[in-house]
Each structure stands twice: as C-alpha cells, then as structure tokens.
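The next block holds one structure in the form of structure tokens; read it before the comments.
Reminder, nothing fancy here: chain letters follow the sequence lines and each chain counts from 1. These numbers come from the heavy atoms of this one structure, side chains and all, not from hydrogens, waters or symmetry mates.
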Amino acid sequence: MPELPEVETLARGLRQSVLGRRILSVTLGKTDFIDDPAALEQHLPGRQITAVERYGKFMLLRLKPPAGAGTNGSVPSGETNGDGASASLLVHLGMTGHLSPHPAAQPCEKHTHACFLLDDGRELRYNDARRFGRMAYLAGEALEEELRGFGADPLEVSAQQFVARIRARRARVKALLLDQGVLRGVGNIYADESLWRAKIHPARLGAHLTRKQAEALHHALRAILEKAIVMRGSSISDFLDAEGEPGEYQRRHRAYGREGKRCYRCGAPIRRAIVAGRSSYFCPRCQPAPRGSALTLPLSKRRSKQRKMRPA
DNA sequence: CTTACGGCCTGGGTGC
DNA sequence: TGCACCCAGGCCGTAA
C-alpha cells in the first residue's frame, strides 16, 4: 500500500522518465475512480508534464497547456487561472495502484484503466486492480481547494508543530498519525513502525503523551520515512516503483506484519490489535498500553460475525 | 464540536 | 476445482 515513501519513490522515478513529455492522447477503461473522466479526455491531450511532485500520498503531475492553445500566447510559469499553467493531474494509488511508462506497443496488463500516450512512443499507464485509488484533473482554484485541508508534510513539520498538533487532541495517537488532515502521507505501516521505535502504544491518547514522547515520535517518524525513501519504499504485496521494481524497506519492518514474532528490542511476541479501525502491530512490553485499556487482549479477536441477511 | 465505529467499494489470497 | 471469507485505505453516515 503506497504511503509517503512509496509515492516519493515513484515521483522520483517518474521525474526521470516522463518529465518534459507531452501527452498526445488519453484512453480510459473503467472510470469509477476518476472524478470527471471527460475532463481528462478533454484537457490532457497536448499538455506537457512540467513537474512531478508528491503531496502526501498523492502524485501530482503539473501540466502546461499546449503552446498557443490558451487565450494568452506564452507567459511561462504564470499563475494563470482557469485552464492555465496551474492545471494538474492528481493521482492517489489507493492500495493497488501502479503508475509507470510502457512501450505503447506493449499489450496492457489486466486492470489497466488509464493510458496516456506520450510524445516519445511510450504510454504512461495507470493500473489498479481494486480501484481504491483516485484520479482527478484539477486546475486553478479547484486544485488549491483540494489540497487545502491536508496537514503538514511529516518530513517538513517542525518538532514544535508536531508536538503541539498531537498533544492538542484526545484521539488515539494511531488515529492521529493516520489522519491526513493532521499529517499528510502517513499510513498504517509507517504509523506502526514509528510508534514501535518511539515505544508508544497506538491506543494512547495524543493529549496524554508527554512532551518527550511526542518529540520522540516526531523523530522516529521522520527517521523511518527518510530511511524508507532511501530503500525505495516497502513492497508488502504489490508496490512497484516507476521502473516496476519493488522496494526494500519491508525487510526493515520491526512491528508491521510481525504478529507473534519476537520484538527486535526485548524479545516479547509482537501483538496485533484493532486500533482506530486498523490492524495495529506493537510490542506489548516496549509499548505499554494506556491505563484501563482492554486492547492488550489476545492475538486475534475472533468474534462470530454472521452477517448474511439483515431484518428489514 | 470532537471522537468512535460500522459499512461500503473491489478482487487477490487463503483455507476448507 | 470451487467457493465463502477476510482484508486493505479512504470516506461517509450515524451515534455518543
């Protein structure tokens, strides 16, 4: 599942391979994950990819309109509104999204739902089996409005800002880390990894963390994200970078996905529990549960769930 | 207002 | 070989 390090890895790859290319045409398959499919087909052809950025877990392809096609002749790098230079293709990879260039002659793999023919004979393809991803063409004000409401980038936020944000909230710290309005880009893997490193239980309330603990969490999160980027992200099941290569950081995981295996620090078996509605992996010894928490129970919470028909 | 929780979308993997 | 079930991230509606 692509989180900040995976999307950053992808952005760096695409910067190498598709930056400066012009989009000649658009072919769409299933479109239920695209905000306004017609807008893509109408506005993308002719545009040049002038920047590849990461915004939280989003890929942002900045698109310059075709020369002379706009109402105003040139004016480069302007903040021209409407159909102008600030237009972007926003892509969220969801869980199973892939975005990478292929030779246009190569047959499309199953679940390829968007193809952007480039001016060098290749095709930038979006493939997403589950279509939990999202794609949108956004320009000007609409783009700004979309990006507003996201929290700070975890690699840029200062310790002071981070500590203040976390300690101001009574939600569980795991939920806060996952909340894209608090921090943009953190998902389940890096939330659990940073909590393990900082020795903080995921069910602790943000407001109950000491200043030192919140600072430790900030430091751990940053260090882990930076290391994960160097190792080109985590490939649990199917993350692949722009060249189709898996990352390496999954080898470094200390908590995520390690239920029942020994904690690298103390040897206690890593436990899994549902916190903030998500599977959460933690060391019950290194990461003491908050007082009164029932969340340290058995490994799996097998609850009989007969959910066949519901009475009208 | 803030927080918690269940359901929904989809299909690959798993276990029987 | 088939098939029911689980699970994932984000989002939304509802309840406390």
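- Of all nucleotides listed (B/dG11, C/dA8, B/dT3), B/dT3 comes nearest to the side chain of A/Arg169.
- Not less than 6.0 angstrom separates the ring centroid of A/Tyr256 from the ring centroid of A/Phe282.
- Comparing atom distances between the A/Asp32 side chain and each of C/dG10, B/dT10, B/dC5 picks out B/dT10 as nearest.
- Separating the CG atom of A/Leu178 from the C1' atom of B/dA4 is a distance of 14 Å, rounded to the nearest angstrom.
- Summarising the geometry, the separation between CZ on A/Arg130 and P on B/dG13 is reported as 8 Å, rounded to the nearest angstrom.
- A/Arg278 contributes a side-chain N or O that forms a donor-acceptor pair with the base of C/dG9 under 3.5 Å.
- Distances from the side chain of A/Asn188 to the nucleotides B/dT10, B/dT3, C/dG9 place C/dG9 closest.
- A distance of 6.5 Å separates CG in A/Leu99 from CG in A/Leu61, rounded to the nearest 0.5 Å.
- The aromatic ring centres of A/Phe58 and A/Phe150 sit less than 6.0 Å apart.
- Comparing B/dG11, B/dG12, C/dC7 by their nearest atom to the side chain of A/Lys30 picks out B/dG11.
- In this structure, A/Arg265 satisfies the cation-pi test against A/Trp196, with its NZ or CZ atom closer than 6.0 Å to the six-membered ring centre and inside 45 degrees of the ring normal.
- For the pair A/Arg232 and A/Tyr249, the cation-pi test (distance below 6.0 Å, angle within 45°) is failed.
- Note on ring orientation: taking the six-membered ring where Trp is involved, the planes of A/His43 and A/Tyr137 are parallel (angle under 30°, cut-offs 30° and 60°).
- Here C/dG9 is the nucleotide among C/dG9, B/dG11, B/dC5 with the atom lying nearest to any side-chain atom of A/Lys57.
- Here C/dG9 presents its P atom at 17 Å from CG of A/Leu183, a figure rounded to the nearest Å.
- When the C1' atom of C/dA8 is taken as reference, atom CG of A/Asp192 falls 14 Å away, rounded to whole Å.
- Nearest to the side chain of A/His111, among B/dG11, C/dG10, B/dT10, sits B/dG11.
- The nearest whole Å value for the distance from the CE atom in A/Met135 to the P atom in C/dG10 is 16 Å.
- Residue A/Arg131 places at least one side-chain N or O under 4.0 Å from the OP1 or OP2 atom of B/dG11.
- Protein atom CG of A/Asp35 is 13 Å distant from nucleotide atom C1' of C/dC11, rounded to whole Å.
- Counting non-hydrogen atoms under 4.0 angstrom, A/Arg170 reaches the backbone sugars and phosphates but no base.
- For A/Ser279, a side-chain nitrogen or oxygen approaches OP1 or OP2 of C/dA8 to under 4.0 Å.
- Along DNA chain B, the nucleotide closest to A/Phe132 and the one closest to A/Ala171 are compared, and the more 5′ of them pairs with A/Ala171.
- Residue A/Arg172 has a polar side-chain atom (N or O) positioned under 4.0 Å from OP1 or OP2 of B/dC5.
- Atom CD in A/Glu109 sits about 16 Å away from atom P in B/dG11, given to the nearest Å.
- OP1 or OP2 of C/dG10 sits under 4.0 Å from a side-chain N or O of A/His92.
- The distance between atom CD of A/Glu259 and atom C1' of C/dC7, rounded to the nearest whole Å, is 13 Å.
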